[in-house]
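Here is how names work: the chains are called A, B, and so on, in the same order as the sequence lines, proteins then strands, and each is numbered from 1. The shown structure was predicted, so the numbers you read here are calculated from the model rather than taken from an experiment.
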Protein chains: 2
Amino acid sequence: MVSIQERQVEERLADAGVRYTGGRRRVVAALGRSGGPMSASELHESLRGSVPVSSVYRTLAVLEDAGVVEPHHSAKGLTRYEMAEWLAGHHHHLVCQGCGAVEDIELPEGLESQLENLVRDVSGRAGFRVSGHSLEVVGLCRRCT
Amino acid sequence: MVSIQERQVEERLADAGVRYTGGRRRVVAALGRSGGPMSASELHESLRGSVPVSSVYRTLAVLEDAGVVEPHHSAKGLTRYEMAEWLAGHHHHLVCQGCGAVEDIELPEGLESQLENLVRDVSGRAGFRVSGHSLEVVGLCRRCT
DNA sequence: TTCCTTGCAAACGATTTGCATTGGA
DNA sequence: TCCAATGCAAATCGTTTGCAAGGAA
């Protein structure tokens, strides 16, 4: 999967005026492979230590600034990152209370747009300017059941 | 508001075999007053330092074990707590990207139950045993707009 | 007395930052 | 060349824990 996504990231980073170096490419690739958000240390491990933890953090900060990845805050003060919506598509999360794993899910089209309207409506009433939403379903995954 | 909720907490802690001391009462009261989840240090401040931070943490741990409060993970590795659903009622959150504040909102009855069905349906298909869900709407609050 | 609770300070773990070095355009 | 990027170590910051003192049953 060196394709479209890779190009888009390349372009976005160029626009942001930063380099798309080897280390950064590896982090993006690891995130692209993953089926859910990953933390800095998970990325560090996934890359077999080829990118030091501090560099992973800096890379994630750069990527977040450029709008390439988005943070996701989970238990025990861990922050996990995933490809931004415009790259990975809009989706929601199943969070396992047993093992802490996070899995992506998509809602059926109809329900998704209905939910969007609802969100806009309710939030507007509270004087809130909506920029996005995320549904988090908690429970036990197949393995932890 | 010394009423029902207070009684329920009292009972729950008694069942858990722990004391409902002054410090713990103050933490619960502060949470009850709040319109959204609060972190340990926010509680510490809100109580004008009358409860040391470490005690706030311990209190929150006890309350969580007893099922009186529930954690909510937010930006910058902060964990905020709020009264559990069975005490505060089911609701969702508006998260301000500007100031980080979290505000509670409720969905209209109809949409809420529809959302519940949807969640059960989609998650079940993924072999996931659902225990709850939470919708997080991100954007800018009135003050930060 | 006997536990549970509390406070302070030290310990921890995730994340950030200073600084000297490396590497790409 | 020149500035962004990197690696390491030290510094931060939220949170946890050890231990001795305080309190209620």
Membership question, hydrophobic clusters at under 4.5 Å side-chain separation (ILVMFWY): are [Y] and [X] in the same one?
{"X": "B/V27", "Y": "B/V53", "value": "no"}
{"X": "A/L13", "Y": "A/V51", "value": "yes"}
{"X": "A/L107", "Y": "B/L107", "value": "yes"}

Atom-pair distance ([atom1] on [X]; [atom2] on [N]), nearest Å:
{"X": "A/E10", "N": "C/dA25", "atom1": "CD", "atom2": "P", "result": "11 Å"}
{"X": "A/H44", "N": "D/dT6", "atom1": "NE2", "atom2": "C1'", "result": "14 Å"}
{"X": "B/L13", "N": "C/dC4", "atom1": "CG", "atom2": "P", "result": "15 Å"}
{"X": "A/L43", "N": "C/dT15", "atom1": "CG", "atom2": "C1'", "result": "14 Å"}

Looking only at the aromatic ring of each residue, does the gap between the centers of A/H92 and A/H133 stay below 6.0 angstrom? yes
Taking [X] for its side chain and [Y] for its backbone only, find out whether a donor-acceptor pair lies under 3.5 Å.
{"X": "B/W86", "Y": "B/G67", "result": "yes"}
{"X": "A/R80", "Y": "A/H73", "result": "no"}
{"X": "A/S41", "Y": "A/H44", "result": "no"}

DNA chain C: 5'-proximal contact among B/S50 and B/K76 (nearest heavy atom): B/S50
Tell me, for nucleotides 20-25 of chain D in 5' to 3' order, what letter each nucleotide earns: B for a base near a protein heavy atom under 4.0 Å, S for only sugar-phosphate near one, - for neither? ---B--
Expected output is a numbered-order residue list: members of residues 51-75 of chain B with a heavy atom under 4.0 Å from any atom of DNA chain C. What is it? B/P52, B/S54, B/S55, B/R58
Which of residues 20-27 of chain B have a heavy atom under 4.0 Å from DNA chain C? B/T21, B/R24
Across the strands shown, which category fits B/T79 at heavy-atom distances under 4.0 angstrom: base, sugar-phosphate, nothing? sugar-phosphate
Quick test of your reading: applying salt bridge (Lys or Arg N to Asp or Glu O under 4.0 Å), list the pairs with at least one residue in residues 91-108 of chain A, sequence neighbours left out, ordered by first then second residue. none
So the salt bridge (Lys or Arg N to Asp or Glu O under 4.0 Å) pairs with at least one residue in residues 8-22 of chain A (sequence neighbours excluded) are A/E10-A/R25
Under 3.5 Å side-chain donor-acceptor pair for A/E112 and A/H90: yes
If the condition is side-chain hydrogen bond (donor to acceptor under 3.5 Å, both in side chains), which residues does A/S54 pass it with, not counting sequence neighbours? none
